[in-house]
2 protein chains.
Amino acid sequence: MISQTEENYLKAIYQLSQKNDTPISTNAIAKQMQTAASSVTDMVKRLSSKELIHYQSHKGSTLTEKGNIIACNLIRKHRLWECFLFDTLNFTWDEVHDIAEQLEHIQSNELIDRLDRFLGYPKFDPHGDPIPDKDGNFVVREQYPLSELSEKEKGTIVGIREHTKSFLAYLEQFNLLLGQHIEVLKIFNYDQSVKIRIGEHEIHTVTQKIANNLFIKKD
Amino acid sequence: MISQTEENYLKAIYQLSQKNDTPISTNAIAKQMQTAASSVTDMVKRLSSKELIHYQSHKGSTLTEKGNIIACNLIRKHRLWECFLFDTLNFTWDEVHDIAEQLEHIQSNELIDRLDRFLGYPKFDPHGDPIPDKDGNFVVREQYPLSELSEKEKGTIVGIREHTKSFLAYLEQFNLLLGQHIEVLKIFNYDQSVKIRIGEHEIHTVTQKIANNLFIKKD
DNA sequence: AAATATTTTTAGATTAGTCTAAAAATATTT
DNA sequence: AAATATTTTTAGACTAATCTAAAAATATTT
Ligand SMILES: [Mn+2]
Ligand SMILES: [Mn+2]
Ligand SMILES: [Mn+2]
Ligand SMILES: [Mn+2]
């Protein structure tokens, strides 16, 4: 059996591997998990002996096939529970993550299958992140950071790069929610800020930082 | 903070206290929790130091006000999750308990409030057991074991005394499910077995043991 | 009341997961 | 190439939760 703690380490390694193609350093895991590096060394040895990761002293860790399946399934469970919390129980998108962190560890394949069916086999979670199917396949979607669109281009908000509470709160404030239609009205050369129309009426100018963290599907 | 293990001990003590009005013995807890008695001694000392139970060496344990609130809330969560699994995800009543054992430990009052609302504030779980409200109040229901009904009496199945898989499987087999209307046709003096009509047409004779474990609300 | 049986606690060990401080290995700068 | 800085591992300790075996306390039988 695999413990919740072990699962969390596998997930951390999985997530760090998305950004980075090289083996994941002990320090990087420590930072992600908010633990001491020495704790990580202990844990990667254990995970390695269970053949869930490849680990070489001083050279970092990568998931094995087995480890990858577990991590991917954890992501699947996390995101399906986020859908449930958002769609069914009407939590807001900034509230769902913390509860899903707990729910993702519930052990029952049947439960996840039935939850998936109940939710209508969603392909994306409330943050626009793709939900892998049972075999770990993700839907890929053509999307661009808002900062890469040109003036006059139109599209729909489909995802976000950052998931911090403060970013989510900002977006909520200005109604920059998933599914909103936007049009790029003007790009200011001076600081790369972007003036957009949100929905039918609202006009708002966002900084380059915001524009960089908002994913748009072009119409 | 209180750990899942501590919660499970509190629940065990709570449940044993329902049947028994005296302090709960270390051995009784050990049996319920399927652990060594020495492990229980360690744990009751810890729970006592946290003021969740009253414990005196060699004299047993009882819940404090604080411990009782936690245990009761755990029961509430367990039963609400069972409702969700049964009503919303269409699990059968013999499947829900094991998954609810895990779900009951999810920490979020907001989640339970919303789940309660979503389910329509149910008063009883899929086994007919009452669901305490936020303040720990249970609905009391006038019910009798089938074995206490007389010939010709009619009623509705509203609960069960035993919760074992084999008992649930038996009841399912003969359609003796919650909400079914029954009528006592004949009580056999010889072995106290009871011939009943189930619903409109079915006729079945149950042993005294079965009759004793089925709760009926008289019409 | 003494002997015997049962229950409960203590003693001592183990495992998972964590920490701090020191040592060792690797990377960077001079 | 040597000195310095950074990263990683080791050493040793701690807590929660568990166990077995032995000791102590309590209950039952004779
Ligand atoms: Mn999340
Ligand atoms: Mn998400
Ligand atoms: Mn149950
Ligand atoms: Mn139940």
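Note: hydrogens, waters and symmetry copies are ignored here, and every other heavy atom, side chains too, is used. In the text below, chain A, chain B and the rest are named by the order of the sequence lines, each starting its count at 1.
Judged by distance alone, the side chains of A:Y144 and A:E142 do bring a donor and an acceptor atom under 3.5 Å apart. A side-chain donor from one of B:Q15 and B:Q32 sits under 3.5 Å from a side-chain acceptor of the other. Judged purely by distance below 3.5 Å, without hydrogens or angles, the side chains of A:N27 and A:S25 never pair a donor atom with an acceptor atom. A donor-acceptor contact closer than 3.5 angstrom links the side chains of B:T22 and B:N20.
For DNA chain C, the stems formed by at least three consecutive Watson-Crick or G-U pairs, with both atom-pair distances below 3.5 Å, span C:1-30 with D:1-30.
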Protein-nucleic acid N or O pairs under 3.5 Å, nucleotides 2-6 of chain D:
none

Protein-nucleic acid N or O pairs under 3.5 Å, nucleotides 18-21 of chain C:
unit_1: C:dT18; atom_1: OP2; unit_2: A:Y9; atom_2: OH; d: 3.4
unit_1: C:dT18; atom_1: O4; unit_2: A:D42; atom_2: OD2; d: 3.4
unit_1: C:dC19; atom_1: OP2; unit_2: A:A36; atom_2: N; d: 3.0
unit_1: C:dC19; atom_1: OP2; unit_2: A:S39; atom_2: OG; d: 2.5
unit_1: C:dT20; atom_1: O4; unit_2: A:S38; atom_2: OG; d: 2.8

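A close approach under 4.0 Å does not occur between any side-chain nitrogen or oxygen of B:S3 and OP1 or OP2 of D:dA16. A close approach under 4.0 Å does occur between a side-chain nitrogen or oxygen of B:Y55 and OP1 or OP2 of C:dT9. Between C:dT9 and B:T26, a contact under 4.0 Å exists linking OP1 or OP2 to a side-chain N or O. Distances shorter than 4.0 Å separate some side-chain N or O of B:K45 from OP1 or OP2 on C:dT10.
The distance between atom CD of B:Q4 and atom C1' of D:dT18, rounded to the nearest whole Å, is 16 Å. Between the CG atom of B:L47 and the P atom of D:dA16 there is a distance of 12 Å, rounded to whole Å. Following rounding to the nearest Å, A:I24 (CD1) and D:dT8 (C1') show an atom-to-atom distance of 16 Å. Distance, A:I2 CD1 to C:dA16 P: 13 Å, rounded to whole Å. For B:M1 and D:dA16, the CE to P distance is 14 Å, given to the nearest whole Å. Atom-to-atom, CD of A:E6 to C1' of C:dT15 comes out at 12 Å; the value is rounded to the nearest Å. A straight line from NZ of A:K59 to P of D:dT8 spans 13 Å, rounded to a whole angstrom.
Between B:V194 and B:T205 there is no side-chain heavy-atom pair separated by less than 4.5 Å. Counting only heavy atoms from C-beta outward, the side chains of B:Y55 and B:P23 never approach each other to under 4.5 Å.
With D:dT8, D:dA25, D:dA17 as the choices, the nucleotide that has an atom nearest any side-chain atom of B:H58 turns out to be D:dA25.
The ring pair (Phe, Tyr, Trp, His ring centres under 6.0 Å) contacts involving residues 70-90 of chain A comprise A:H78-A:H97, A:W81-A:F84, A:F84-B:F84, where partners must be two or more places apart or lie in separate chains.
By the side-chain contact (heavy atoms from CB on, under 4.5 Å) test, B:C83 pairs with B:D87, B:L119, B:P122, B:D125, B:P126, B:I131, sequence neighbours left out. The side-chain contact (heavy atoms from CB on, under 4.5 Å) check on B:N175 picks up B:L177, B:Q180, B:E202, with sequence neighbours excluded.
Atom CD of B:Q56 has 12 or fewer heavy atoms from other residues, nucleotides or ligands within 6.0 Å.
In this structure, B:H163 and B:H127 have perpendicular ring planes: the angle between them is above 60°, well past the 30° mark.
Checking A:R161, A:K209, A:E162 one by one against A:F167, the side chain to side chain contact (heavy atoms under 4.5 Å, CB included) holds for a single residue, A:E162.
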